[in-house]
Protein chains: 2
Amino acid sequence: MANTNTVERIIKGMASKGWRITEQRKMMAALFAETEGYLSPKDVYEHMRQKYPGISFDTIYRNLRQLSEAGVFEQFYFNDGLKFRASCLTHHHHHLICMNCEKTVTFDYCPMPNLSELPGNYEVMHHRFEVYGYCPECAAKRRKETKQPT
Amino acid sequence: MANTNTVERIIKGMASKGWRITEQRKMMAALFAETEGYLSPKDVYEHMRQKYPGISFDTIYRNLRQLSEAGVFEQFYFNDGLKFRASCLTHHHHHLICMNCEKTVTFDYCPMPNLSELPGNYEVMHHRFEVYGYCPECAAKRRKETKQPT
DNA sequence: TTAATAAATAATAAAAATTACGAATAAAAG
DNA sequence: CTTTTATTCGTAATTTTTATTATTTATTAA
């Protein structure tokens, strides 16, 4: 499912910041473009290492950080740590995430318009709304496991 | 502002799981009870070390993890890493968090009742809704800084 | 097309965060 | 008080992240 548009979007995002388009960055863009879910720094490292056996952690972390700061990638923290995914810039939406396999679907409902008055007079910058549950496959698996315990 | 009720609530939470109430756990409960904001594992370690100079990381991490799993503490990830706070179990609510000082105020609005139909037929378990911004103090500080750049 | 340049990477090393484990300790139950 | 065993200590190993310097390479322009 290599999504050429996404690759190009990521690379354009990098170029628009005046960044150099290196082979490593191209490969990273392609990896995230073809990945539905989330990738940890280690996942990225393991993948990149196939083509660039001596790739440095520095390269991985620097690019993940810079691309996140630039809004091209999004950072999430799961229970097992930091992960990244290509951010969908098409339109604002939120995520419904499987707690087992991390498979994610998006939905358009955003609670912010309904938030008329917040306490504390904060200068609101952004928000985070995520719903967690089990996808049909993992929910079925879970039911089986609890019915037949070892 | 040591909140005795909160200390007791945390300790009861531990006892109800059949856990032993050790001196270290009592001190940890007291620390979280008197802390408004968030504590990193290191914060906890530094504090506990004052009374128990030889305290082990194992003790810190194990208790933080177990207390979070039991719902007594809540886990959050900020940009500077994993942090914990005593979870407010009084009633369901969400948080408005200062991106600079982490000062947090709560509000009661919950978007879930309005979420009529979600895609993917997930078995919804829980959700997370947080609003990020700057508290009045930090917002003012930021405006000053941007007006007079070095 | 090639040379100049500055950014990005490799190849470490160091630092920080987290987890692991046997021996010692102490909370809880009888 | 004694026993039982969960918990902690003391230490080390592992994992994750950041830092540093020499080298490489993408880009610009001559």
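Keep in mind that this is a model prediction, so the values were computed, not measured. Below, chains carry the letters A, B, ... as their sequence lines are ordered, and counting in each starts from 1.
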Self-check item: side-chain hydrogen bond (donor to acceptor under 3.5 Å, both in side chains) partners of A:Arg65, counting only residues at least two apart
Solution: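 With sequence neighbours excluded, A:Arg65 shows a side-chain hydrogen bond (donor to acceptor under 3.5 Å, both in side chains) to no residue whatsoever.
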Quiz prompt | Salt bridge B:Arg143-A:Glu123, side-chain N to carboxylate O under 4.0 Å | solution =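 Yes, charged N to carboxylate O under 4.0 Å.
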Quiz item: Taking NZ, NE, NH1 and NH2 as the nitrogens, is one of them in B:Glu36 or B:Arg85 under 4.0 Å from a carboxylate oxygen of the other?
Solution: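 A salt bridge is absent here (no side-chain N lies under 4.0 Å from a carboxylate O).
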Quiz item: Within the distance-only criterion (no hydrogens, no angle test), does the side chain of A:His126 pair as donor or acceptor with the backbone N or O of A:Val124 below 3.5 angstrom?
Solution: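 Checking the backbone N and O of A:Val124 against the side chain of A:His126, no donor-acceptor pair under 3.5 Å is found.
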Quiz item: Which pair of non-hydrogen atoms, one from B:Cys98 and one from B:Cys135, has the smallest distance, and what is that distance?
Solution: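 So the two residues come closest at SG-N, 3.5 Å.
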Could you list the donor-acceptor pairs under 3.5 angstrom formed between side-chain atoms of residues 51-64 of chain A and any protein atom two or more places apart in sequence or on another chain?
from, atom 1, to, atom 2, distance (Å)
A:Ser56, OG, A:Asp58, N, 3.0
A:Asn63, OD1, A:Arg25, NE, 2.6
A:Asn63, OD1, A:Arg25, NH2, 3.1
A:Asn63, ND2, A:Thr59, O, 2.9

Self-check item: Nearest-angstrom distance from the residue atom CD1 of A:Ile60 to P of C:dA8
Solution: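 One finds 15 Å between P of C:dA8 and CD1 of A:Ile60, rounded.
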Exercise. Starting from C1' on C:dA26, measure out to NZ on B:Lys26 and report it in whole angstrom.
Key: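 B:Lys26 atom NZ is separated from C:dA26 atom C1' by 12 Å.
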Quiz item: Heavy-atom contacts under 4.0 Å between residues 40-48 of chain A and DNA chain C, which residues?
Solution: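 The stretch gives none, as no residue of it lies under 4.0 Å from the strand.
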Scan side-chain atoms only and decide if [X] and [Y] contain a donor-acceptor pair under the 3.5 Å cut-off.
X        : Y        : result
B:His94  : A:His127 : no
B:Tyr38  : B:Thr104 : yes
A:Tyr134 : B:Asn121 : no

Quiz item: Roughly how far apart are A:Glu137 CD and B:Tyr122 OH, rounded to 0.5 Å?
Solution: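 The distance works out to 8.0 Å.
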Quiz item: Which residues pass the ring-ring contact (aromatic ring centres under 6.0 Å, His included) test with A:Phe84, sequence neighbours left out?
Solution: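 So A:Phe84 forms no ring-ring contact (aromatic ring centres under 6.0 Å, His included) with any residue.
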Quiz item: Under the ring-ring contact (aromatic ring centres under 6.0 Å, His included) test, which residues partner B:Phe73, sequence neighbours left out?
Solution: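 B:Phe73 satisfies ring-ring contact (aromatic ring centres under 6.0 Å, His included) with B:Phe32 only.
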Quiz prompt | For chain B, the stretch of DNA chain D it reaches, first to last nucleotide, under 4.0 Å of its heavy atoms | solution =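 Contact boundaries, 5' end first: D:dT5 to D:dT11.
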Quiz prompt | salt bridge (charged side-chain N to carboxylate O under 4.0 Å, His left out) against A:Arg128, all qualifying residues, sequence neighbours excluded | solution =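 If we apply the salt bridge (charged side-chain N to carboxylate O under 4.0 Å, His left out) test to A:Arg128, skipping adjacent residues, the hits are A:Glu130.
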Exercise. With sequence neighbours left out, write down each residue that passes salt bridge (charged side-chain N to carboxylate O under 4.0 Å, His left out) with A:Lys26, or none if nothing qualifies.
Key: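 Applying salt bridge (charged side-chain N to carboxylate O under 4.0 Å, His left out) to A:Lys26 gives A:Glu23.
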Exercise. Could you tell me whether A:Asn63 contacts a base, only the sugar-phosphate backbone, or nothing, with contacts defined as non-hydrogen atoms closer than 4.0 Å?
Key: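 Counting heavy atoms under 4.0 Å across all strands, the contact made by A:Asn63 is with sugar-phosphate only.
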Exercise. Check every strand shown and say whether B:Arg62 touches a base, only sugar-phosphate, or nothing at a heavy-atom separation below 4.0 Å.
Key: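 Result for B:Arg62 = base.
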Quiz item: Do A:Tyr132 and B:Leu118 sit in the same hydrophobic cluster, where Ile, Leu, Val, Met, Phe, Trp and Tyr count as joined when their side-chain heavy atoms come under 4.5 Å apart?
Solution: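 No, A:Tyr132 does not connect to B:Leu118 through the hydrophobic network.
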Exercise. Just report the end-to-end axis angle for the helix from C:dT1-D:dA30 to C:dG30-D:dC1, five pairs per end, to 10 degrees.
Key: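 Comparing the axis at each end, I get an angle of 40°.
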Self-check item: Of A:Gln66 and B:Phe57, the one whose closest DNA chain C nucleotide lies more 5'
Solution: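 The residue mapped nearer the 5' terminus is A:Gln66.
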Quiz item: Is B:Tyr61 near enough to C:dT19 that one of its side-chain N or O atoms lies under 4.0 angstrom from OP1 or OP2?
Solution: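 The answer is no; no side-chain N or O of B:Tyr61 sits under 4.0 Å from OP1 or OP2.
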Quiz item: Which residues within residues 49-56 of chain A lie with some heavy atom under 4.0 Å of an atom in DNA chain D?
Solution: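 Residues of residues 49-56 of chain A that come under 4.0 Å of DNA chain D do not exist, since none gets that close.
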When you compare the protein's N or O atoms with those of nucleotides 27-30 of chain C, which come within less than 3.5 Å of each other, and at what distance?
from, atom 1, to, atom 2, distance (Å)
C:dA27, N3, B:Arg20, NH1, 3.3
C:dA28, OP1, B:Ile21, N, 2.9

Quiz item: With sequence neighbours left out, what residues match B:Ala70 under side chain to side chain contact (heavy atoms under 4.5 Å, CB included)?
Solution: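 With neighbours one apart ignored, the set is B:Lys17, B:Trp19, B:Val72.
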